[in-house]
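Everything below concerns the one structure shown next.
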Amino acid sequence: QVQLVESGGGLVQPGGSLRLSCAASGIIFSVYAMEWYRQAPGKQRELVASITRDERPNYVDSVKGRFTISRDNAKNTVYLQMNSLKPEDTAVYYCSARWVLIKNEYNYWGQGTQVTVSS
C-alpha cells in the first residue's frame, strides 16, 4: 500500500530552522511531483512548495528565500528545509505525492507533522 510518512516537525523559536522529511513507499517515486502543504487552525490548506519529477521547485511567495524543497529519488524522500521561521509558519505540514496523466490523476497524502514557531 501507499504510505507517506512525515517527520522533523517540532517546536522552534522565531528565526530558527527545521528540516521536514517525507518518506514514500508503495509508489514509483520518481514519476510523482512532490508537494508540501500546511494548514493552520481556522485556515484553509495552503500549498507551500512543490517539486517536479525533474526537480524544478516552486514556492508560495510568503516562504520564498526561506524554504527549500528538494528530493532524493534514491531514498524515495522529499525534504523541506525551513529557515528564518516566523510564528505565522506555525501549522500542520502535509506531504503530497501527485502524478498527473492526460485523463486522470493519482494523489496521496501523509498524516502531517506539527511545526510550532514560538518564543
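For reference, positions follow the sequence shown, starting with 1.
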Steps toward side chain to side chain contact (heavy atoms under 4.5 Å, CB included) verdict (M34, R98): CA-CA 6 Å; M34 300 299 298; R98 192 180 305 274; over 6 Å; no
I'd like a table of donor-acceptor pairs (distance under 3.5 Å, sequence neighbours excluded) in which one partner is a side-chain atom from residues 3-21, with atom names and distances.
| unit_1 | atom_1 | unit_2 | atom_2 | d |
| --- | --- | --- | --- | --- |
| E6 | OE1 | Q111 | N | 3.1 |
| E6 | OE1 | Q111 | NE2 | 3.3 |
| E6 | OE1 | G112 | N | 3.0 |
| E6 | OE2 | C95 | N | 2.7 |
| E6 | OE2 | G112 | N | 3.3 |
| S17 | OG | N83 | OD1 | 2.9 |

Are any non-hydrogen side-chain atoms of [X] and [Y] less than 4.5 angstrom apart?
X	Y	result
E46	S62	yes
Y106	L101	yes
E105	W99	no

Would you say the ring centers of W109 and Y37 fall short of 6.0 Å from each other? yes
Can a cation-pi geometry be assigned to R66 and Y59, taking NZ or CZ under 6.0 Å from the six-membered ring centre and within 45° of the ring axis? no
Checking side chain to side chain contact (heavy atoms under 4.5 Å, CB included) for the pair D72/Y79: CA distance, chi angles, key distance, verdict? CA-CA 8 Å; D72 186 340; Y79 304 94; 4.1 Å; yes
Should W36 and F67 be marked as a side chain to side chain contact (heavy atoms under 4.5 Å, CB included) after you check the CA-CA gap, both sets of side-chain angles, and the distance that decides it? CA-CA 11 Å; W36 287 99; F67 290 11; over 6 Å; no
Check: K75 main-chain N/O paired with T77 side-chain donor or acceptor under 3.5 Å: yes
Donor-acceptor pair, side chain of T90 and main chain of V117, under 3.5 angstrom: yes
For K86, is there an ion pair with D89 - N to carboxylate O distance below 4.0 angstrom? no
Treat each ILVMFWY residue as a node, draw an edge where side-chain heavy atoms are under 4.5 Å apart, and state whether [X] and [Y] are in one component.
X	Y	result
V92	V63	no
V2	V31	yes
V48	Y94	no

Just checking, any donor-acceptor pair under 3.5 angstrom between side chains of N107 and S96? yes
Verify whether one side chain among N73 and R71 offers a donor that lies under 3.5 Å from an acceptor in the other. yes
Can you check side chain to side chain contact (heavy atoms under 4.5 Å, CB included) on I69 and V78, steps first, answer last? CA-CA 7 Å; I69 189 171; V78 64; 3.9 Å; yes
[atom1] of [X] to [atom2] of [Y]: how many Å apart, nearest 0.5 Å?
X	Y	atom1	atom2	value
N58	E35	CG	CD	10.5 Å
R38	Q114	CZ	CD	12.0 Å
N76	C22	CG	SG	10.0 Å
T113	L80	OG1	CG	11.0 Å

Can you name the closest pair of heavy atoms from F29 and A24 and give their distance? CD1-CB, 3.7 Å
Taking atom CD as the centre, does E88 end up with more than 12 heavy-atom neighbours from other residues, nucleotides or ligands that are less than 6.0 angstrom away? yes
State whether the number of non-hydrogen atoms from other residues, nucleotides or ligands found under 6.0 Å of I28 atom CD1 is greater than 12. no
